[in-house]
Colleague: 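This is the structure I have questions about; it appears just below.
Protein chains get the first letters and strands the later ones, always in sequence-line order, with residue 1 at the start of each. Atom set for the values below is all heavy atoms of this structure, side chains included, hydrogens, waters and symmetry mates excluded.
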2 protein chains.
Amino acid sequence: MPDPAHATSTDPASDTPADATTAAAASAPADAADTAATAPREAGGTRPPRSAATRAAILAAARDRFAADGYERATIRAIAKEAGIDPSMVMRYYGNKAGLFAAASEIEVHAPDLTHVPHDELGARLVRHFLERWESDETMTGMMRVGVTNDAGAQRMRKVFAEQIEPVLSAVCPVPEEAELRSGLIASQVLGMALCRYVLHIPPAVALSHDEVVAWLAPTIQRYLTADLP
Amino acid sequence: MPDPAHATSTDPASDTPADATTAAAASAPADAADTAATAPREAGGTRPPRSAATRAAILAAARDRFAADGYERATIRAIAKEAGIDPSMVMRYYGNKAGLFAAASEIEVHAPDLTHVPHDELGARLVRHFLERWESDETMTGMMRVGVTNDAGAQRMRKVFAEQIEPVLSAVCPVPEEAELRSGLIASQVLGMALCRYVLHIPPAVALSHDEVVAWLAPTIQRYLTADLP
DNA sequence: TACGCTTGCCAACAAGCGTTGACCAACATG
DNA sequence: CATGTTGGTCAACGCTTGTTGGCAAGCGTA
């Protein structure tokens, strides 16, 4: 019984056209054309240029709250308060909560170029990079926090994995066909350490220094990347 | 009439989480005269025997919903509906949502006795056991889902780690002082694979057979358990 | 029969949620 | 000046949440 299917109520991914009012805005998360929802009566056809400043402030606040509280506990009101504006502005700029989340969870792993790294240093290089990336801001922690409870978040993580992790490793994988498998194994160790260290705060995982984490995990990553298939 | 006791805090982790297990009694400090029905102080002599059947039904439903939806999306109403009783019964039996969660998250990892396992088979044995444990029911998946977003859940996971994982590994660890560190490393890999495989559903992690997971992870676990410190 | 205790349902409460529409201050342009 | 667009606030809506108090039915005992 592998799959705990829980595609239930408040799921920003399954924004089916059932709700006609929010469908248009939700499908256009970025600064795309929002049609009838926000410009109901005017037939001017003018594209309203919106204030980029508050828009960015909302996005920053949303990232912060989603990362700290997860999807359902991060309320629109709290995000608006942190951004210093009215909750209704959030709706006007991003349509609805799902649209805001879609925009806020657009993340960049910034995976490094590994093609010129000596092959026996790949593990250490990868571990150190992700360590720094995880601690640079709360984006990764937040994405994981949301990815675990919310299906749209999990989908985002799969997308990041497929588009940002896998290609980088595929470039240095001896057999490209095995890149997906090896990437999955590496992700399991890297995400697992991040989970224990940054989210669950399991004491021994928190106590490790950067160098210790690298010393322990790098051989594992190295083996997942280069060892023969079983 | 107004209830100021919990007006500010809807978070089960906000109050001192040490007494989370007795949240029902702990959450009613002073003005809770209404607890005459729900909080029988054991000094009375006769402990009111409550219907164990519905009590168990509630607990089973709660485990199910918490595991599937996480703490905040699992509503009392949904749990009661699944248990086939009225929502108010949940309150009468478990005090409040935090108390119900405390009772529902009382889990057993059933870590195996490793003292008679050959030392070079420890890794494989551990991986295989946890694989089966994770797939036997949704308890572990649910605990992780809750542990990531809710601080009370994270505390539960730390407790399980300290009381059920660490002792077992400490018994087979050559140097007992290193057991905590080595347990943390092992947890990072085991939980990481579980996260990718059962929660995030990252394709290559899902595609692996049991034997493949064991073949890949066992050497890692073995090394974390027995390798010299860096 | 009447009582007390337990078990349960019902209806309601206050609070908080996402979301909406009316209204207002600028301000550039006819 | 008048006017229309833009960025923003305010108050409310419908709904769901956790939670509570009152009341009805079962039942062993006096």
Side-chain angles (χ1 to χ4, degrees), chain A residues 8-10 12 15 19-22 25-26 34 36-58 62 65 69 71-81 83-101, chain B residues 1-12 23-24 27-28 31-40 44 46-55 57-58 62 65 69 71-81 83-101:
Chain A
T8 50
S9 57
T10 61
D15 225 352
D19 205 316
T21 59
T22 61
D34 37 11
T38 54
R41 296 275 137 64
E42 285 307 317
T46 56
R47 183 71 48 84
R50 286 173 158 162
S51 162
T54 57
R55 199 183 180 101
I58 294 175
R65 299 322 302 162
D69 296 338
Y71 184 81
E72 15 270 336
R73 282 206 334 220
T75 68
I76 297 269
R77 284 171 158 88
I79 291 168
K81 192 173 188 179
I85 45 93
D86 191 86
S88 63
M89 295 303 295
V90 178
M91 314 302 300
R92 201 177 277 178
Y93 278 57
Y94 292 95
N96 53 24
K97 190 178 181 180
L100 175 62
F101 172 71
Chain B
M1 286 309 188
D3 190 349
H6 58 76
T8 55
S9 135
T10 60
D11 185 2
S27 71
D31 70 337
D34 64 292
T35 54
T38 68
T46 59
R47 195 187 182 92
R50 289 180 155 153
S51 164
T54 57
R55 201 183 177 99
I58 293 175
R65 298 322 300 162
D69 295 338
Y71 184 82
E72 14 269 339
R73 285 206 332 220
T75 68
I76 297 270
R77 285 172 159 88
I79 291 168
K81 192 173 188 179
I85 46 93
D86 190 85
S88 63
M89 297 303 295
V90 177
M91 314 302 299
R92 198 175 279 178
Y93 277 59
Y94 291 96
N96 54 24
K97 191 178 181 182
L100 175 62
F101 171 70

Colleague: Nearest whole angstrom, please: distance from the P of dT19(C) to the CD1 of I76(A).
Modeller: 6 Å
Colleague: In Å, rounded to the nearest 0.5 Å, how long is the span from CG of D86(B) to CZ of R77(B)?
Modeller: 9.5 Å
Colleague: Tell me the interatomic distance from I58(A), atom CD1, to dG7(D), atom P, rounded to whole angstroms.
Modeller: 11 Å
Colleague: Let's see if you can work this out: which of dT19(D), dG8(D), dC9(C) has an atom nearest to the side-chain heavy atoms of D86(B)?
Modeller: dC9(C)
Colleague: What about R77(B): does its side chain form a donor-acceptor pair under 3.5 Å with the base of dG18(D)?
Modeller: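 Under the 3.5 Å cut-off, the side chain and the base do form a donor-acceptor pair.
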Colleague: Where the side chain of K97(A) is concerned, which of dT19(C), dG18(D), dC10(D) is the nearest nucleotide?
Modeller: dT19(C)
Colleague: Between P on dT19(D) and CG on L100(B), what's the gap in Å once rounded to a whole number?
Modeller: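 It works out to 10 Å between those atoms.
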Colleague: Nearest-Å distance, CZ (R55(B)) to P (dT7(C))?
Modeller: 10 Å
Colleague: What is the distance from CE of M89(A) to C1' of dG8(D), rounded to the nearest Å?
Modeller: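 So the CE-C1' distance, M89(A) to dG8(D), works out to 5 Å.
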Colleague: Considering non-hydrogen atoms only, spot the tightest contact between A57(B) and A83(B) and give its length.
Modeller: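 Reported closest heavy-atom pair: O-CB, 3.8 Å.
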Colleague: How bent is the helix from dT1(C)-dA30(D) to dG30(C)-dC1(D), comparing axes over its five end pairs at each side, to the nearest 10°?
Modeller: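 Roughly 30° between the end axes, to the nearest 10°.
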Colleague: Just how far, in rounded Å, is P of dG8(D) from OH of Y94(A)?
Modeller: 12 Å
Colleague: If you look at every strand shown and take non-hydrogen atoms under 4.0 Å, does A78(A) touch a base, only sugar-phosphate, or nothing?
Modeller: nothing
Colleague: Rounded to the nearest 0.5 Å, how far does CD1 of I58(B) lie from CZ of R92(B)?
Modeller: 11.0 Å
Colleague: What pairs of nitrogen or oxygen atoms, one from the protein and one from nucleotides 22-24 of chain C, lie under 3.5 Å apart?
Modeller:
none

Colleague: How many angstroms lie between atom CZ of R73(B) and atom CD of E72(A), to the nearest 0.5 angstrom?
Modeller: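 Interatomic distance, R73(B) CZ to E72(A) CD, rounded to 0.5 Å: 5.0 Å.
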Colleague: Once side-chain hydrogen bond (donor to acceptor under 3.5 Å, both in side chains) is applied, do any residues pair with T75(B), and if so which ones, sequence neighbours excluded?
Modeller: none
Colleague: Give a yes or no answer on whether the side chain of Y94(B) reaches the backbone of R55(B) with a donor-acceptor pair at less than 3.5 Å.
Modeller: yes
Colleague: Taking only side-chain N and O atoms of T75(A), does any of them lie within less than 4.0 angstrom of OP1 or OP2 on dC17(C)?
Modeller: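 For T75(A), the contact criterion (side-chain N or O under 4.0 Å from OP1 or OP2 of dC17(C)) is met.
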Colleague: Below 4.5 Å, heavy atoms only, C-beta onward: do V90(A) and I85(A) meet side chain to side chain?
Modeller: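 Counting from C-beta outward, V90(A) and I85(A) do come under 4.5 Å.
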Colleague: What is the distance, rounded to the nearest whole Å, between atom CE of M91(A) and atom C1' of dC10(D)?
Modeller: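 These atoms are roughly 16 Å apart.
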Colleague: Could you state the atom-to-atom distance from CD of E72(B) to P of dG16(C) in whole Å?
Modeller: 16 Å
Colleague: Restricting to side-chain contact (heavy atoms from CB on, under 4.5 Å), what partner residues turn up for A74(A), sequence neighbours left out?
Modeller: R65(A), F66(A), D69(A)
Colleague: What nucleotide, of dC10(D), dT19(D), dT19(C), holds the atom closest to the side chain of N96(A)?
Modeller: dT19(C)
